[in-house]
Amino acid sequence: TVNDVRIGNFGGTGELKVINGAKLTARSIIGGTKYGSGPLGLGNILVDGVGSTIVGLNQVNNGSISIINGGTADALHSFTYIGVDSGTSATATVSGPGSTWSNIDALFVGGVYHTDTTGHGVLNVLGGGSVAANSITIGEHSSTTGEVQVSGSNSTLVTSGIGKVGTRGHGSLSVSD
């Protein structure tokens, strides 16, 4: 257990792999970050296989998250972001039976409510994967783009509260079998 984990920070490139039943717990895990006007990093996170777990995963700003083959992630009831800051592009994929990203308070795909940005976020829930959030916002500000695809048998995107698509920004939600 650690406090905070940053993957790909201040212009660097980082990769985090949690595989073969391993578990990483932190207060906050973020991929692809920058601070202030500093350079943007690129962070890629992989959670692969049954029993492989990340606890505290709450943002991919620039880069990717792949939760596959029964891997799981827990956001610790925090706000969770995919593609937030200006100039960022992030994709999160939750794919395969038993693959889950849960305990998300508010999920923002492309942009964030408190600042006007140009982030681009993509969330793919595929092949029996599952994502659960109290609320979801896709495309939050005028220059942001958010895309969510839910596809395949038993794939689920569950929100117990508000779901917003294209809130001042460009949002799309596609659900298919």
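Residues Thr137 and Thr167 have side chains that never bring a donor and an acceptor to within less than 3.5 angstrom of each other. A donor-acceptor pair shorter than 3.5 Å cannot be found between the side chains of His170 and Glu147. No side-chain donor-acceptor contact under 3.5 Å links Ser102 and Asp74. At a cut-off of 3.5 Å, with distance as the only test, a side-chain donor of Asn134 or Ser160 sits close to an acceptor on the other residue.
Listed here is the closest heavy atom pair of Val122 and Val109: N-CG1, 3.9 Å. The two atoms that bring Asp105 and His77 nearest to each other are CB-O, 3.4 Å, heavy atoms only. The two residues Trp101 and Leu57 come nearest to each other via the heavy atoms NE1-O, 3.4 Å.
In the hydrophobic clustering of this structure, Val47 does not group with Val55; members are Ile, Leu, Val, Met, Phe, Trp, Tyr whose side-chain heavy atoms approach within less than 4.5 Å, directly or through other members. Cluster membership for Val175 and Val148, using ILVMFWY side-chain heavy atoms within less than 4.5 angstrom, is shared. Both Ile54 and Val2 are assigned to one and the same hydrophobic cluster, defined by single-linkage of ILVMFWY side chains at heavy-atom distances under 4.5 Å. A chain of hydrophobic side-chain contacts below 4.5 Å, direct or via other Ile, Leu, Val, Met, Phe, Trp or Tyr residues, connects Val5 to Ile104. There is a path of hydrophobic side-chain contacts, each under 4.5 Å, that joins Val165 to Leu157.
At least one side-chain heavy atom of Ser78 sits under 4.5 Å from a side-chain heavy atom of Asn58. Contact of the Ile30 side chain with the Val60 side chain is not registered, since no non-hydrogen atoms from C-beta on lie closer than 4.5 Å. Side-chain atoms of Leu46 and Ile68, non-hydrogen and from C-beta on, do get closer than 4.5 Å to each other. Ser151 is not listed as a side-chain neighbour of Val125, based on a closest heavy-atom distance of 4.5 Å or more.
Residue Leu107 holds its CG atom at 4.5 Å from CD1 of Ile136, rounded to the nearest 0.5 Å. Taking CG of Leu126 as the start and CG of Asn154 as the end, the distance is 13.0 Å to the nearest 0.5 Å. Summarising the geometry, atom CG belonging to Asn69 is positioned 7.5 Å from atom OG belonging to Ser95; distances are rounded to the nearest 0.5 Å. Separating the CG atom in Leu40 from the OG1 atom in Thr88 is a distance of 6.5 Å, to the nearest 0.5 Å. Within the model, atoms CG of Asp85 and OG1 of Thr144 stand 12.0 Å from one another, a figure rounded to the nearest 0.5 Å.
A distance-only check finds no donor-acceptor pair linking the side chain of Ser143 to the backbone of Thr118 [under 3.5 Å]. A donor-acceptor pair under 3.5 Å is absent between the side-chain atoms of Asn61 and the main chain of Gly83, judged by distance alone. A donor-acceptor distance shorter than 3.5 angstrom exists from the side chain of Asn62 to the backbone of Ser89, with no hydrogens or angles considered. Counting only distance, with no hydrogens or angles, the side chain of Thr91 and the backbone of Ser64 share no donor-acceptor pair below 3.5 Å. At distances below 3.5 Å, at least one donor-acceptor pair connects side-chain atoms of Ser99 with backbone N or O atoms of Gly70.
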Evaluate Ile45 against Ser66 for side chain to side chain contact (heavy atoms under 4.5 Å, CB included), listing each step before the verdict. CA-CA 6 Å; Ile45 300 167; Ser66 296; over 6 Å; no

With side chain to side chain contact (heavy atoms under 4.5 Å, CB included) as the test, would you mind laying out the steps for Leu24 and Ile29 before giving the verdict? CA-CA 10 Å; Leu24 173 63; Ile29 300 170; 3.9 Å; yes

I would like to know whether Thr156 and Ser130 meet side-chain hydrogen bond (donor to acceptor under 3.5 Å, both in side chains); could you show each step before the answer? CA-CA 5 Å; Thr156 59; Ser130 177; 2.9 Å; yes

Evaluate the side chain to side chain contact (heavy atoms under 4.5 Å, CB included) criterion for residues Ser172 and Gln149: first the C-alpha distance (whole Å), next the side-chain angles of each, then the deciding distance (0.1 Å), finally the verdict. CA-CA 8 Å; Ser172 71; Gln149 175 188 7; over 6 Å; no

Starting from the C-alpha separation in whole Å, work towards a yes-or-no answer on side chain to side chain contact (heavy atoms under 4.5 Å, CB included) for Ile65 and Ile82. CA-CA 9 Å; Ile65 295 172; Ile82 302 168; 5.7 Å; no

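Scanning for side chain to side chain donor-acceptor pair (under 3.5 Å) contacts around Thr53 gives Thr72, with sequence neighbours left out.
Within 6.0 Å of the CG atom in Asp4, the count of heavy atoms belonging to other residues, nucleotides or ligands exceeds 12.
In this structure, Tyr81 and Phe108 have parallel ring planes: the angle between them is below the 30° cut-off, well short of the 60° mark.
Tested against Ile7 for a side-chain contact (heavy atoms from CB on, under 4.5 Å), the candidates Thr13, Leu42, Asn44, Leu16 yield a single pass: Leu16.
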